[in-house]
Structures are given as structure tokens and as C-alpha cells.
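One structure is given here, and the rest of the page talks about it.
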Amino acid sequence: FTIDFYNRELLQEIEAHINIQPSDIQRIFRLHIYGDMTFMQIAKVLEMPEATIKTKFYRTVKQIKEVLKYER
């Protein structure tokens with residue numbers, strides 16, 4: 001139960017951070033995490049270079065880690 005609560009709380013914090021991001025970053029994050037799409041697939045859907053998709057995704061993940069590290 002404690003692990004479920006912790007995971008649910010963590011997911012809510014991550015979603016809260018994603019929700020304040022620009023729409024393109026939200027789409028990239030959600031397509032990759034929830035849609036289980038590859039960066040190449042996302043690049044085709046969004047008509048952006050794959051390198052741009054990767055950069056935006058990993059930059060966002062790094063920001064989330066930083067925010068969560070300071071909030072905990």
C-alpha cells in the first residue's frame with residue numbers, strides 16, 4: 001500500500017510538471033511514455049527532426065528530476 005501511494009503521488013507530481021510545459025513538450029512526453037512510441041515515430045507524427053524530439057524529451061526528464069529532488 002505504501003509503495004502504491006508513493007507511486008501515485010510521484011505520478012501526480014510528474015503530471016503536474018508536464019501540464020505546465022509547452023504543448024509540444026507535453027505531446028512528446030505523453031506519446032513516448034503513455035503512447036509507447038519511439039522517438040522516430042514521434043518525429044514523423046509531429047514533423048520534427050528526431051534529434052529535436054530527443055533533446056526536448058531528455059531536457060524535460062532532467063527538469064523533472066531536478067524539481068522532484070528539491071521538493072522531496
Side-chain angles (χ1 to χ4, degrees):
F1 173 75
T2 305
I3 292 173
D4 280 347
F5 178 77
Y6 177 76
N7 286 336
R8 194 170 331 147
E9 185 178 299
L10 181 60
L11 287 173
Q12 288 173 344
E13 290 178 38
I14 291 170
E15 269 300 313
H17 184 76
I18 292 302
N19 288 337
I20 62 172
Q21 297 300 313
S23 62
D24 62 327
I25 292 176
Q26 289 183 34
R27 288 184 73 195
I28 291 166
F29 187 85
R30 290 186 173 119
L31 288 171
H32 188 65
I33 298 297
Y34 302 127
D36 202 29
M37 292 176 71
T38 66
F39 293 122
M40 185 181 296
Q41 291 169 325
I42 297 168
K44 288 179 183 177
V45 169
L46 300 182
E47 298 178 344
M48 298 171 84
E50 184 178 356
T52 301
I53 299 295
K54 287 180 180 179
T55 299
K56 289 181 181 232
F57 178 82
Y58 288 116
R59 185 180 300 141
T60 302
V61 169
K62 183 178 178 182
Q63 288 173 351
I64 291 169
K65 285 180 180 179
E66 289 295 314
V67 167
L68 293 177
K69 180 169 60 173
Y70 290 112
E71 287 182 355
R72 297 188 171 263

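The first residue in the sequence is number 1, and the count goes up from there.
Between Tyr34 and Phe29, the ring planes are perpendicular. Angles over 60° get that label, and only those under 30° would be called parallel.
Within a 6.0 Å sphere centred on CG of Asp36, heavy atoms belonging to other residues, nucleotides or ligands number 12 at most.
Atoms CG and CZ, on Leu10 and Arg8 in that order, are 12.5 Å from each other to the nearest 0.5 Å. Taking CD1 of Ile18 as the reference point, atom CD1 of Ile64 lies at 3.5 Å (rounded to 0.5 Å). A distance of 10.5 Å separates CD of Glu50 from OG1 of Thr55, quoted to the nearest 0.5 Å. Here Ile42 contributes atom CD1 and Thr52 contributes atom OG1; the two are 12.5 Å apart, rounded to the nearest 0.5 Å.
Looking at Ile28 and Leu46, their side chains come closer than 4.5 Å, going by heavy atoms from C-beta outward. Side-chain contact between Glu15 and Arg30: present, with at least one pair of heavy atoms (C-beta onward) separated by less than 4.5 Å. Proximity of Glu13 to Glu9: side-chain heavy atoms (C-beta onward) are separated by under 4.5 Å at one or more points.
When the side chains of ILVMFWY residues are joined at heavy-atom separations under 4.5 Å, either directly or via intervening members, Val45 and Ile53 end up in a single hydrophobic cluster. No continuous path of ILVMFWY side-chain contacts below 4.5 Å connects Leu31 to Met40, so the two sit in separate hydrophobic clusters. Tracing side-chain contacts under 4.5 Å through hydrophobic residues (I, L, V, M, F, W, Y), one never reaches Ile33 starting from Ile25; they form parts of separate clusters.
Within the 3.5 Å criterion, the main-chain N or O of Gln21 finds a donor-acceptor partner in the side chain of Gln26.
Lys56 and Met48 get closest at one heavy-atom pair: CE-CE, 3.8 Å. When all heavy atoms of Met37 and His32 are compared, the pair lying nearest together is O-ND1, 2.8 Å. Heavy atoms only, all atoms of each residue included: Ala43 and Pro49 are closest at CB-C, 4.1 Å.
No salt bridge links Lys62 with Glu66; every basic N to acidic carboxylate O contact stays at or beyond 4.0 Å.
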